[in-house]
Number of protein chains: 2
Amino acid sequence: MGATKSDLFTKQQNEIANMAKALAHPARIAILQYLVKKNACVCGDLVEELGLAQATTSQHLKELKTAGLIQGTIEGASVCYCINPKVWNQYGKIFGAFFTEAMDIKSCC
Amino acid sequence: MGATKSDLFTKQQNEIANMAKALAHPARIAILQYLVKKNACVCGDLVEELGLAQATTSQHLKELKTAGLIQGTIEGASVCYCINPKVWNQYGKIFGAFFTEAMDIKSCC
DNA sequence: TTAAGTAATCGTAATATTGCGATGTGTTAA
DNA sequence: TTAACACATCGCAATATTACGATTACTTAA
């Protein structure tokens with residue numbers, strides 16, 4: 001036991017849960033907000049920005065890249081990261097749909 | 001090591017990450033969608049609906065209750081659950097703000 | 001009362017995540 | 001070439017999450 005039983009749920013449910021998982025760490029939120037704020041490719045200064053070890057930062061970047069939310073381009077010796085707008089907007093749309101689905105819910109108990 | 005270093009991040013970043021964590025399991029997404037679909041208090045039939053053990057289902061319900069997304073009322077021998085519309089809408093607003101923050105981001109690399 | 005039902009909690013095992021030092025790979029500057 | 005730098009990956013330890021059987025607390029029906 002211990003592993004999530006993905007087969008019990010719909011593809012959509014697993015998808016939304018995985019999207020949420022990508023956002024489920026403050027370091028990853030911080031990375032995304034930083035990239036959004038800069039509104040451009042950011043090279044190098046992410047490790048100092050976060051305060052986590054280089055290895056840990058790299059791991060969070062990898063997860064965001066796997067989720068598709070960011071993309072990295074090799075720029076000489078360093079790597080530049082930026083938001084992937086297409087996936088970003090898709091996330092926004094899917095979470096938006098999930099929550100507006102019940103905007104008019106009634107408080108019953 | 002192993003524990004999230006919450007003190008490195010802002011209150012808002014930790015808050016968003018915690019909100020995402022509440023959604024980061026397909027069973028919890030399934031529970032929320034079921035409650036939204038029924039649009040009413042649901043008593044009892046959540047265990048059969050999910051296919052997980054009673055103890056596991058109860059644990060997921062507790063997490064959603066802790067997050068504030070659902071509320072439970074004792075109705076005789078069973079417990080009725082429903083969406084907490086206030087918190088639900090707050091989630092929608094916060095995630096919405098997070099993603100619309102960068103709607104006009106440019107693809108740079 | 002007792003028996004059956006519902007649901008929370010406890011205890012524990014399996015697995016996943018987080019974090020970091022050490023190491024490896026590739027790039028640039030000297 | 002060599003030295004310094006940037007970043008990914010490996011390996012491991014600490015912690016968190018997921019899952020479930022067993023137990024407990026409570027309600028209802030008989």
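Every chain is numbered from 1 and lettered A, B, ... according to where its sequence line falls, protein lines coming before strand lines.
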**Request:** Looking at every strand, decide which applies to A/Glu63 at a 4.0 Å heavy-atom threshold: base, sugar-phosphate, or nothing.
**Result:** sugar-phosphate

**Request:** Using distance alone, with no hydrogens and no angle criterion, decide if B/Thr10 and B/Gln13 have a side-chain donor and acceptor under 3.5 Å apart.
**Result:** yes

**Prompt:** Just to confirm, is there a sub-4.0 Å distance from OP1 or OP2 of C/dG19 to any side-chain nitrogen or oxygen of A/His60?
**Reply:** yes

**Asked** B/Leu69 and side chain to side chain contact (heavy atoms under 4.5 Å, CB included): which partner among B/Leu35, B/Asn84, B/Leu23?
**Response** B/Leu23

**Message:** From CD1 of B/Ile31 over to P of C/dA7, roughly how many Å is that when rounded to an integer?
**Reply:** 12 Å

**Asked** Taking atom C1' of C/dT18 as reference, at what distance in whole Å does atom CD1 of A/Ile29 sit?
**Response** 16 Å

**Message:** By nearest heavy atom, map A/Gly2 and B/Ser6 onto DNA chain C; which one lands nearer the 5' end?
**Reply:** A/Gly2

**Message:** Less than 4.0 angstrom between a side-chain N/O of A/Lys5 and OP1 or OP2 of D/dC20, yes or no?
**Reply:** yes

**Asked** Reading nucleotides 4-11 of chain D from the 5' end, what letters show protein touch, with B for base, S for backbone sugar-phosphate only, - for no heavy atom under 4.0 Å?
**Response** --SBBB--

**Prompt:** Any chance the side chains of B/Gln33 and A/Glu101 put a donor and an acceptor closer than 3.5 Å?
**Reply:** no

**Asked** With sequence neighbours left out, which residue pairs that include part of residues 6-62 of chain A fulfil the ring-ring contact (aromatic ring centres under 6.0 Å, His included) condition?
**Response** A/His25-A/His60

**Asked** Looking for any heavy atom pair under 4.0 Å, which part of the strands does A/Leu52 touch: base, sugar-phosphate only, or nothing?
**Response** sugar-phosphate

**Prompt:** Is there side-chain contact between A/Asp7 and A/Lys5, with heavy atoms separated by less than 4.5 Å?
**Reply:** yes

**Message:** I need the NZ-P distance between A/Lys21 and C/dA16, as an integer number of Å.
**Reply:** 9 Å

**Request:** Measure the distance from CG on B/Leu23 to P on D/dT17 and round it to the nearest whole Å.
**Result:** 14 Å

**Message:** Which nucleotide wins on minimum distance to the side chain of B/His25, given the candidates D/dT17, D/dA19, D/dT15?
**Reply:** D/dA19

Name each donor-acceptor pair under 3.5 Å that joins a side chain in residues 89-99 of chain B to protein atoms two or more places apart or in another chain, with its distance.
from    : atom 1 : to      : atom 2 : distance (Å)
B/Asn89 : ND2    : B/Pro85 : O      : 3.1

**Request:** Answer yes or no: is there a side-chain heavy-atom contact under 4.5 Å between A/Trp88 and A/Val36?
**Result:** yes

**Request:** Take atom CG of A/Asn14 and atom C1' of D/dT18, then tell me their distance rounded to the nearest Å.
**Result:** 14 Å

**Request:** With DNA chain D as reference, determine whether B/Ala27 or B/Ile74 sits nearer its 5' end, using the nearest nucleotide of each.
**Result:** B/Ala27

**Asked** To the nearest angstrom, how far is A/Asn18 atom CG from D/dT18 atom P?
**Response** 12 Å

